[in-house]
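Worth knowing before you read on, the calculation uses all heavy atoms, side chains too, and leaves out hydrogens, waters and symmetry mates.
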Amino acid sequence: QVQLVESGGGSVQAGGSLRISCVASGDTVRRYCMGWFRQAPGKKREGVVVLDNDGSTTFADSVKGRFTISKDNDENTLDLQLNSLKPEDTAMYYCAARASGGCVPDARYFDLWGQGTQVTVSS
């Protein structure tokens, strides 16, 4: 079973960029559906993007064209590049994995989670 650890969060001004990373251990990410989710205070956890093991991606409409996801199967990492950041992107960002089933950006279907990394965007 894979364990996930996120890093790279921080504080930026609106319009800025950040890159957050997730390192997996205990298993290869190659066979998992991987995703990034976020949760702001008082809000439900929402899917940002998921990456299936065939390379297909599904982005939330709110981040399309601004965020990109990449996976390195050799390094066992999953990165999220966040560009043109907005104050509404402020949240705790979580890396998640799902071993089987469909790869959709719904937190209910993911059972492996990292501890999260905070992204704060000021106006």
Side-chain angles (χ1 to χ4, degrees):
Q1 179 163 295
V2 70
Q3 292 84 46
L4 306 170
V5 177
E6 303 93 334
S7 63
S11 297
V12 295
Q13 290 191 324
S17 298
L18 279 174
R19 189 175 185 87
I20 58 178
S21 296
C22 173
V23 177
S25 61
D27 198 356
T28 173
V29 298
R30 189 183 306 272
R31 65 184 188 90
Y32 286 81
C33 164
M34 303 291 297
W36 285 97
F37 294 78
R38 66 187 181 185
Q39 188 167 18
K43 295 190 175 181
K44 292 174 62 176
R45 190 167 297 190
E46 65 171 349
V48 176
V49 58
V50 295
L51 172 62
D52 207 343
N53 51 21
D54 64 358
S56 60
T57 57
T58 303
F59 284 88
D61 288 342
S62 59
V63 306
K64 281 180 182 177
R66 300 189 298 121
F67 292 7
T68 57
I69 188 171
S70 59
K71 185 172 72 168
D72 188 322
N73 289 326
D74 292 329
E75 296 294 326
N76 237 22
T77 57
L78 181 76
D79 289 350
L80 185 68
Q81 178 68 37
L82 301 80
N83 297 326
S84 301
L85 281 160
K86 305 174 181 180
E88 51 264 42
D89 294 318
T90 295
M92 185 71 79
Y93 283 71
Y94 297 91
C95 177
R98 182 182 184 187
S100 61
C103 194
V104 294
D106 188 330
R108 295 173 296 175
Y109 301 122
F110 283 74
D111 49 4
L112 301 169
W113 294 88
Q115 84 289 349
T117 186
Q118 178 68 37
V119 171
T120 303
V121 185
S122 58
S123 57

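- Through direct or relayed side-chain contacts under 4.5 Å between Ile, Leu, Val, Met, Phe, Trp and Tyr, V23 connects to no other residue.
- Atom CD in Q115 sits 8.5 Å away from atom OG in S7 (nearest 0.5 Å).
- With a 4.5 Å cut-off between side-chain heavy atoms of Ile, Leu, Val, Met, Phe, Trp and Tyr, the cluster of V121 takes in V2, L4, V12, L18, I20, V29, Y32, M34, W36, V48, V49, L51, F59, V63, F67, I69, L78, L80, L82, L85, Y93, L112, V119.
- Salt bridge R19/D79: present, at least one basic N to carboxylate O contact under 4.0 Å.
- Closest non-hydrogen pair, Y94 versus G114, comes out as CD2-O, 3.6 Å.
- E6 places a side-chain N or O within donor-acceptor distance of the main-chain N or O of G116, the cut-off being under 3.5 Å.
- A pairwise comparison of heavy atoms in A40 and A91 identifies N-CB, 3.9 Å as the closest pair.
- Not a single side chain to side chain donor-acceptor pair (under 3.5 Å) links D52 to another residue, sequence neighbours left out.
- Rounded to the nearest 0.5 Å, atoms CZ (R66) and NZ (K64) are 12.5 Å apart.
- The distance from atom CD of E75 to atom OG of S21, rounded to the nearest 0.5 Å, is 11.0 Å.
- Between the OG atom in S25 and the CD atom in Q3 there is a gap of 4.5 Å [rounded to 0.5 Å].
- The distance between the ring centers of F110 and F37 falls below 6.0 angstrom.
- No side-chain donor-acceptor contact under 3.5 Å links T120 to the backbone of S11.
- For the residue pair Q81 and N83, a side-chain donor N or O sits within less than 3.5 Å of a side-chain acceptor on the partner.
- Electrostatic pairing of D89 and R38 counts as a salt bridge here, judged by a charged N lying under 4.0 Å from a carboxylate O.
- The two residues P87 and S122 come nearest to each other via the heavy atoms CG-C, 4.5 Å.
- Within the model, atoms CD of Q39 and CD of Q118 stand 11.0 Å from one another, a figure rounded to the nearest 0.5 Å.
- Proximity of M92 to R45: side-chain heavy atoms (C-beta onward) are nowhere separated by under 4.5 Å.
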